[in-house]
S.K.: 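Take this structure, written in structure tokens, and hold onto it; I'll ask about it next.
Start at 1 with the first residue, then count along the sequence.
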Amino acid sequence: MSKRDFLTLLDCTPEELKHLIQRSAALKTLHTNGEVYQPFPGRTAAMILQLSSTRTRVAFEAGMNQLGGHAIFLGTSDTQLGRGESTQDMARVLSEMVDIVMIRTLDQDDLEDFAKAASIPVINAMTSRYHPCQLLADVQTFVELRGPIEGKKVAFVGDGYNMCASYINAARQWGFNLRIAAPPGYEPDAQLLASTNHAALVETPREAVENADLVVTDVWSSIGHEGQEEQRRATFASYQVNEDLLAYAKTDTLFTHCLPAHRGEEVNATVLDDPRSATWIAASNRLHSQKALVEFLLTCET
Ligand code: CP
């Protein structure tokens, strides 16, 4: 039996992604009702985090504990990766010791090299190219609050970086229509954009947001953009999501931000707490959707 990885949303079929969302909602109900569900006693997850994380780390660690297993945090300075051990060698060794690995690293190629060398499931916990775990929580949140996302209008306003790229893959997989407003020079990868007719670039944030069912943004300077903050603040100044911009969306629109947020930059001081903001629900859904993903990867037969 071969293992399954989750390196991008394209590693699952649309049907599997729908199953993950439904399963996450079911696990959320169990958790909310205080019911114990521990299918993985004695199973271990390794969390290789070469970049900072709050939500992703805590969701995996708490989630693995709640599922009856255990999670080990491996920061760069805690492992021999930080001293030059090859990704492939580490993948071979960890495959003999733990049951599943999640990795946050800048380079998607490093993640893919690790996954190729590992005989256990590998999860992308964010790279500079993609953040697929966040999309599971975001889509779950939309479905929870508004029903099916297929055919809906989604606006992404801001940097065409890893969150935008994952929204392009999500539009393709869930069948929603994505409009992206990004400053010139900060558009998403052209080849990725051309991979689906469910995503398109538009000229202005207003054009992206008009009649949108969901509005999404992310920070202007992500991990990997250190030293560019001042220049990016100037370039992205007209791309802030605030109540004036949301007024162009549908009256029952939702807004979400993957967090951490920089109030006064990509969002103003108040929009995260606006009644249309689903940001905090999406953040809490990271726990349930990552539990559903771990369960899927540890039990699916290929
Ligand atoms: N949204 C997200 O991935 O949060 P962290 O960077 O805190 O994990």
S.K.: Side-chain contact test, heavy atoms from C-beta onward, threshold under 4.5 Å: evaluate it for T256 versus T141 and give yes or no.
M.R.: no
S.K.: Determine whether E16 and R4 make a side-chain contact, defined as any pair of heavy atoms from C-beta on separated by less than 4.5 Å.
M.R.: yes
S.K.: L192 versus N169: any side-chain heavy-atom pair under 4.5 Å?
M.R.: yes
S.K.: Whether the side chain of K3 engages the backbone of A118 through a donor-acceptor N/O pair (distance < 3.5 Å, no angle test) should be reported.
M.R.: yes
S.K.: Please name the pair of heavy atoms, one in T253 and one in L214, separated by the smallest distance, quoted to 0.1 Å.
M.R.: OG1-N, 3.6 Å
S.K.: Give the ring-plane orientation class for F296 versus H19, where under 30° counts as parallel, over 60° as perpendicular and anything between as tilted.
M.R.: tilted
S.K.: Does any N or O in the side chain of S166 come within less than 3.5 Å of the main-chain N or O of H131, such that one atom is a donor and the other an acceptor?
M.R.: yes
S.K.: Within the 4.5 Å heavy-atom criterion, are I48 and Q50 side-chain neighbours or not?
M.R.: yes
S.K.: Applying side-chain contact (heavy atoms from CB on, under 4.5 Å) between F255 and each of D274, L245, L272, V209, report the one that passes.
M.R.: L272
S.K.: I want to check something: taking the side chain as every heavy atom from C-beta on, are E85 and T79 in contact at a cut-off of under 4.5 Å?
M.R.: no
S.K.: So if I apply the side-chain contact (heavy atoms from CB on, under 4.5 Å) rule between V154 and each of L254, N177, D213, V216, which one comes out positive?
M.R.: V216
S.K.: For a quick test of reading the model, state the closest non-hydrogen atom pair linking T217 to V157 and the distance between them.
M.R.: OG1-O, 2.6 Å
S.K.: Within the 4.5 Å heavy-atom criterion, are R286 and F60 side-chain neighbours or not?
M.R.: no
S.K.: Applying ring-ring contact (aromatic ring centres under 6.0 Å, His included) to F236 and Y186, what does each step give before you reach the verdict?
M.R.: CA-CA 9 Å; F236 284 83; Y186 296 88; 5.0 Å; yes
S.K.: Would you say F114 and L94 make side-chain contact, with heavy atoms under 4.5 Å?
M.R.: yes
S.K.: State whether the side chain of S95 and the backbone N or O of A91 hold a donor-acceptor pair below 3.5 Å, judged by distance alone.
M.R.: yes
S.K.: For atom CD of Q191, decide whether the heavy atoms of other residues, nucleotides or ligands shown that lie under 6.0 angstrom number more than 12.
M.R.: no
S.K.: Side chain of R129, backbone of D109: donor and acceptor closer than 3.5 Å?
M.R.: no
S.K.: For Q134 and D138, does a side-chain donor sit closer than 3.5 Å to a side-chain acceptor?
M.R.: yes
S.K.: I'd like to know whether E295 forms a salt bridge (charged side-chain N to carboxylate O under 4.0 Å, His left out) with K291, so could you lay out the CA-CA distance, the side-chain angles of the two residues, the decisive distance to 0.1 Å, and finally the verdict.
M.R.: CA-CA 6 Å; E295 181 189 53; K291 283 167 72 177; over 6 Å; no
S.K.: Which pair of heavy atoms, one from A261 and one from V219, lies closest together, and at what distance?
M.R.: CA-CG1, 4.4 Å
S.K.: For the side chain of H225 and the backbone of S222, is there at least one donor-acceptor N/O pair under 3.5 Å apart?
M.R.: yes
S.K.: Taking Q290 for the side chain and G63 for the main chain, is one N or O donor matched with an acceptor at less than 3.5 Å?
M.R.: no
S.K.: Treating N33 as the side-chain partner and E35 as the backbone partner, does any N or O pair qualify as donor plus acceptor under 3.5 Å?
M.R.: no
S.K.: Got a donor-acceptor contact below 3.5 angstrom from the D89 side chain to the S86 backbone?
M.R.: no
S.K.: Would you find more than 12 non-hydrogen atoms of other residues, nucleotides or ligands less than 6.0 Å from E230 atom CD?
M.R.: no
S.K.: Is there side-chain contact between Q80 and M90, with heavy atoms separated by less than 4.5 Å?
M.R.: no
S.K.: Would you say Q38 has more than 12 foreign heavy atoms packed within less than 6.0 Å of its CD?
M.R.: yes
S.K.: Does the N124 side chain pair with the main chain of T8, one donor and one acceptor, at a distance under 3.5 Å?
M.R.: no
S.K.: So, E150 side chain and F176 main chain: donor-acceptor pair closer than 3.5 Å or not?
M.R.: no
S.K.: Passes side chain to side chain donor-acceptor pair (under 3.5 Å), E266 versus H257? Steps please.
M.R.: CA-CA 10 Å; E266 78 279 359; H257 186 309; 2.7 Å; yes
S.K.: Under the 6.0 Å and 45° cation-pi test, does R179 pair with Y248?
M.R.: no
S.K.: If you measure from the Lys or Arg side-chain nitrogens to the Asp or Glu carboxylate oxygens, is any gap between R92 and E96 under 4.0 Å?
M.R.: no
